[in-house]
Amino acid sequence: QVHIVESGGGLAQPGGSLRLSCSACCDSRFSFFDMRWYREAPGVQRELIASITGDGSANYAASVRGRFTISRDNVKNTVYLQMNSLKREDTGVYLCYAWNSGDWGQGTQVTVSS
């Protein structure tokens with residue numbers, strides 16, 4: 001089992017930026033894991049917004065492409081989500097998911113509001 005902890009959420013203004021972190025412990029295979037960021041918003045189905053393979057290949061939902069960047073540091077067993085040009089509709093709980101092990105984190109709240 002992989003223990004996942006997200007951090008970095010908070011309040012941002014429209015047009016602002018936040019950087020989320022997803023720390024994954026403790027599996028030596030982490031560097032091979034496909035990692036994903038999901039977003040949950042009230043009344044909206046959980047949405048896959050970004051994913052990254054072990055070798056760093058990334059994919060994005062159309063709603064965030066060009067604004068968000070997913071990256072990873074396999075030495076630190078951490079995945080990041082850099083969120084720029086934030087919009088109000090980016091508000092939600094952001095959850096990190098380890099696809100290979102099926103483990104979820106608790107999520108971190110992001111609120112975009114003026």
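The chain is numbered in sequence order, starting from 1. Every value quoted in this text rests on a predicted model; they were computed, and no experiment measured them. Note: hydrogens, waters and symmetry copies are ignored here, and every other heavy atom, side chains too, is used.
- Annotation: disulfide bond (SG atoms under 2.5 Å apart) contacts involving residues 31-80, sequence neighbours excluded, are absent.
- Shown here are the ring pair (Phe, Tyr, Trp, His ring centres under 6.0 Å) partners of W99, two or more places apart in sequence or in another chain: there are none.
- Screening residues 22-31 for side chain to side chain donor-acceptor pair (under 3.5 Å) gives D27-R29 as the qualifying pairs, with residues at least two apart or on separate chains.
- Residues that satisfy the side chain to side chain donor-acceptor pair (under 3.5 Å) test with N84, not counting sequence neighbours, are S17, Q82.
- Pairs engaging residues 53-73 under the salt bridge (Lys or Arg N to Asp or Glu O under 4.0 Å) rule: R67-D90 [sequence neighbours left out].
- Applying the disulfide bond (SG atoms under 2.5 Å apart) test to pairs two or more places apart or on separate chains, none has a residue in residues 43-79.
- The two residues R36 and S51 come nearest to each other via the heavy atoms CG-CB, 3.7 Å.
- For the side chain to side chain donor-acceptor pair (under 3.5 Å) test, residues two or more places apart in sequence or in another chain that qualify with E47 are R39, S63.
- If you take OG on S7 and CD on Q106, they are separated by 13.5 Å, rounding to the nearest 0.5 Å.
- Partners of E89 under the side chain to side chain donor-acceptor pair (under 3.5 Å) rule, at least two apart in sequence or in another chain, do not exist in this structure.
- Annotation for T78 and S21: closest pair CG2-CB, 4.3 Å, computed over non-hydrogen atoms.
- In this structure, L81 shares a hydrophobic cluster with V2, I4, L18, L20, F30, F33, M35, W37, I49, I52, Y60, V64, F68, I70, V79, M83, L86, Y94, V110, V112, the cluster being traced through Ile, Leu, Val, Met, Phe, Trp and Tyr side chains under 4.5 angstrom apart.
- With sequence neighbours left out, the side chain to side chain donor-acceptor pair (under 3.5 Å) criterion links S101 to D103.
- Of the listed residues (S85, S114, S113), just one forms a side chain to side chain contact (heavy atoms under 4.5 Å, CB included) with P14, and that residue is S114.
- Annotation: disulfide bond (SG atoms under 2.5 Å apart) contacts involving residues 11-78, sequence neighbours excluded, comprise C22-C96.
- For the atom pair CD of Q13 and CZ of R88, the computed distance is 9.5 Å after rounding to the nearest 0.5 Å.
- In this structure a side-chain-to-backbone donor-acceptor pair under 3.5 Å is present from T108 to G9.
- V93 approaches L95 most closely through the heavy-atom pair O-CD1, 3.7 Å.
- Of all heavy-atom pairs between G54 and N74, the closest is O-ND2, 3.6 Å.
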